[in-house]
Amino acid sequence: MEKTKTDTDTVLDGSSLTPAAVAAKSLRNELIAAWKRSELMTMTNVKQMPLDFFTFKYTDEAMTFSEQWRHCVVYTCGQLAGRAGVINPYENVKLPVQMPKADVITELNNMYAFVRKSIAELSDEKLLSDCEFAGETIPVWRLFYAMENHIIHHRGQCIVYLRLNGIVPKGFYGW
């Protein structure tokens with residue numbers, strides 16, 4: 001018995017998708033994979049730091065371990081909201097400058113959920129459209145990579161914070 005193709009089958013196999021829709025679908029899959037990897041590496045890093053060291057900083061001018069991650073949450077959500085046109089979950093929320101470990105983990109989980117939701121729910125047109133960032137015009141999909149690059153920078157700093165406290169970082173695999 002031959003199976004007839006339904007509208008759902010056509011959409012799922014991609015045969016009726018426009019080139020832009022195919023590109024957007026591919027980008028979404030790639031972005032989701034990159035951000036899943038980011039989340040795994042970030043949470044491994046954060047969970048290694050003992051509770052007592054979340055206020056550690058290596059100089060008076062540096063951010064504490066907690067502040068590094070608070071900054072990542074606020075900056076990532078703010079940039080994506082402002083440039084991709086999604087609602088900023090922190091628009092009316094003032095996170096404390098210093099947060100305990102459990103709160104940092106909660107806010108990072110919230111940020112990664114927000115990023116995944118944004119990737120999934122942005123229209124194809126919006127994902128492929130341009131925005132201004134760092135003095136350039138870039139596609140919105142590239143903004144997600146810029147935000148992940150920012151997190152990589154701070155995650156690297158936090159690996160140094162771990163080492164300065166005698167903790168050997170786990171889970172760094174590179175890309």
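All residue numbers in this chain count up from 1 along the given sequence.
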Minimum heavy-atom distance Ala81-Asn88, with the two atoms named | CB-CB, 3.4 Å
Atom CG in Leu143, atom CG in Leu127: separation rounded to 0.5 Å?
-> 10.5 Å
Between the CG atom in Leu80 and the NZ atom in Lys117, the distance rounded to the nearest 0.5 Å is 13.0 Å
Please tell me if the side chains of Asn45 and Phe65 come closer than 4.5 Å, counting only heavy atoms from C-beta onward.
-> yes
Report yes or no: do Val93 and Val97 belong to one cluster of Ile/Leu/Val/Met/Phe/Trp/Tyr joined by side chain heavy-atom distances under 4.5 Å?
-> no
Find out whether Trp69 and Met99 are in side-chain contact, i.e. whether some heavy atom of one side chain is under 4.5 Å from a heavy atom of the other.
-> no
Which heavy atom of Ser118 sits nearest a heavy atom of Val86, and at what distance?
-> OG-CG2, 3.9 Å
CG (Asn165) and CZ (Phe56) are apart, to the nearest 0.5 Å, by 4.5 Å
To the nearest 0.5 Å, how far apart are OH in Tyr112 and OG1 in Thr76?
-> 7.5 Å
Among the clusters formed by ILVMFWY side chains lying less than 4.5 Å apart, do Met43 and Ile152 turn up in the same one?
-> no
Could you pull out the closest heavy-atom pair between Val104 and Ser66, with the gap in Å?
-> CG2-OG, 3.7 Å
Are Leu164 and Met49 grouped together when hydrophobic residues (ILVMFWY) are joined by side-chain heavy atoms under 4.5 angstrom apart?
-> yes
Among Phe53, Phe54, Tyr58, ring-ring contact (aromatic ring centres under 6.0 Å, His included) partner for Tyr161 = Tyr58
Does a side-chain N-to-carboxylate-O contact under 4.0 Å join Arg28 and Asp124?
-> yes
Decide if the gap between the ring center of His150 and the ring center of His71 is smaller than 6.0 angstrom.
-> yes
Show your reasoning for whether side chain to side chain contact (heavy atoms under 4.5 Å, CB included) applies to Tyr145 and Leu31.
-> CA-CA 8 Å; Tyr145 283 120; Leu31 289 167; 3.6 Å; yes
Do Gln48 side-chain atoms and Val168 backbone N/O form a donor-acceptor pair below 3.5 Å?
-> yes
When rounded to the nearest 0.5 angstrom, what is the spacing between CD in Gln157 and NZ in Lys57?
-> 13.0 Å
Would you name the heavy atoms of Met111 and Val73 that are closest together and state the gap between them?
-> SD-CA, 3.7 Å
Charged N to carboxylate O below 4.0 Å: is that the case for Arg116 and Glu39?
-> yes
Okay, side chain of Ser38, backbone of Ala34: is any donor-acceptor separation there less than 3.5 Å?
-> no
Could you grab the distance from atom NZ of Lys101 to atom NZ of Lys47, nearest 0.5 Å is fine?
-> 9.0 Å
Validation row: Lys126, Glu121 side chains within 4.5 angstrom (heavy atoms) = no
Quick one: does Cys131's side chain get under 4.5 Å of Ile138's, heavy atoms only?
-> yes
Co-membership, hydrophobic cluster, residues Tyr75 and Met63, 4.5 Å side-chain | no
Under 3.5 Å, side chain of Thr106 to main-chain N/O of Ala102, donor-acceptor pair present?
-> yes
Heavy atoms, side chains only, cut-off 4.5 Å: are Met41 and Arg37 in contact?
-> yes
Looking at Val140 and Arg83, what are the two nearest heavy atoms and their distance?
-> CG2-O, 4.2 Å
Can you tell if the side chain of Phe144 reaches within under 4.5 Å of the side chain of Glu30, non-hydrogen atoms only?
-> no
Heavy-atom side-chain contact between Cys158 and Thr42 under 4.5 Å | no
Minimal heavy-atom distance between Phe114 and Ile87, with the atoms involved, is CE1-O, 3.2 Å
Check: Pro96 main-chain N/O paired with Arg70 side-chain donor or acceptor under 3.5 Å | yes
With a 4.5 Å limit on heavy-atom distance, are the side chains of Glu107 and Leu95 in contact?
-> yes
